[in-house]
Amino acid sequence: MPIAKLDVTAIDCPDPTALAHFYQQVLGGEIKNEGKSWVDLRLPDGARLAFQEAPGFVAPSWPSAKESQQLHFDLRVADMAAAQERVLALGARALDLDDEGGKRDFRVFADPAGHPFCLIHP
């Protein structure tokens with residue numbers, strides 16, 4: 001029997017409202033506590049992401065043998081080219097777009113606060 005059930009994934013960042021809006025545009029959902037130091041994004045499937053203000057925030061380093069990226073999201077998309085265009089327009093930054101001509105099923109980006117995430121295409 002499990003000890004606990006995952007309630008929320010909290011992400012440190014310099015501007016919780018701005019990062020919540022970025023992920024809302026990518027994943028959908030409803031934002032709660034906008035403008036506060038802790039902003040929730042309730043996703044359509046019931047999952048919850050939270051964005052916590054972290055003064056002095058330093059974005060994870062990717063890739064780095066000396067520093068850990070700590071965590072990242074793998075986001076499955078139906079159309080890689082369309083999804084890439086949309087996340088870049090929302091303020092994501094490309095980190096690794098070389099999918100080896102479609103042989104590798106992912107591309108790596110950083111959200112506006114610098115957290116890595118992958119778009120995955122089956």
For residues 9-16, tabulate all N or O donor-acceptor pairs below 3.5 Å that involve a side-chain atom, not counting sequence neighbours.
from: Asp15; atom 1: OD1; to: Thr17; atom 2: N; distance (Å): 3.3
from: Asp15; atom 1: OD1; to: Ala18; atom 2: N; distance (Å): 3.1

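Counting all heavy atoms, side chain and backbone alike, Cys118 lies closest to Val108 at SG-CG2, 3.8 Å. Contact between Leu43 and Gly28 at its shortest, heavy atoms only, is CD2-O, 3.6 Å. Smallest separation of non-hydrogen atoms from Leu41 and Ala20: CD2-O, 4.0 Å. Minimum heavy-atom separation, Ala94 to Leu88: N-CD2, 3.9 Å. Annotation for Phe57 and Ala113: closest pair CE2-O, 3.1 Å, computed over non-hydrogen atoms.
Leu75 is listed as a side-chain neighbour of Val26, based on a closest heavy-atom distance under 4.5 Å. Counting heavy atoms from C-beta outward, Phe117 and Val87 have side chains that approach closer than 4.5 Å.
There is a path of hydrophobic side-chain contacts, each under 4.5 Å, that joins Leu97 to Met80.
A salt bridge links Lys32 to Glu30: at least one charged side-chain nitrogen sits closer than 4.0 Å to a carboxylate oxygen. Taking 4.0 Å as the cut-off between side-chain N and carboxylate O, Asp96 and Arg104 count as a salt-bridged pair.
The salt bridge (Lys or Arg N to Asp or Glu O under 4.0 Å) contacts involving residues 41-57 comprise Asp7-Arg48, Asp40-Arg48, where partners must be two or more places apart or lie in separate chains. Annotation: side chain to side chain donor-acceptor pair (under 3.5 Å) contacts involving residues 106-122, sequence neighbours excluded, comprise Tyr23-Asp111, Gln84-Arg107, Asp99-Arg107, Asp111-His115.
Note that the CZ atom of Phe51 and the CD atom of Glu34 stand 12.0 Å from one another [nearest 0.5 Å]. Rounding to the nearest 0.5 Å gives a distance of 13.0 Å between CG of Leu119 and CZ of Phe73. The distance from atom CG of Asp74 to atom CZ of Phe106, rounded to the nearest 0.5 Å, is 8.5 Å. Leu90 CG to Phe109 CZ: the interatomic distance, rounded to the nearest 0.5 Å, is 11.5 Å. Atom CG of residue Leu49 and atom CD of residue Gln24 lie 11.5 Å apart, to the nearest 0.5 angstrom.
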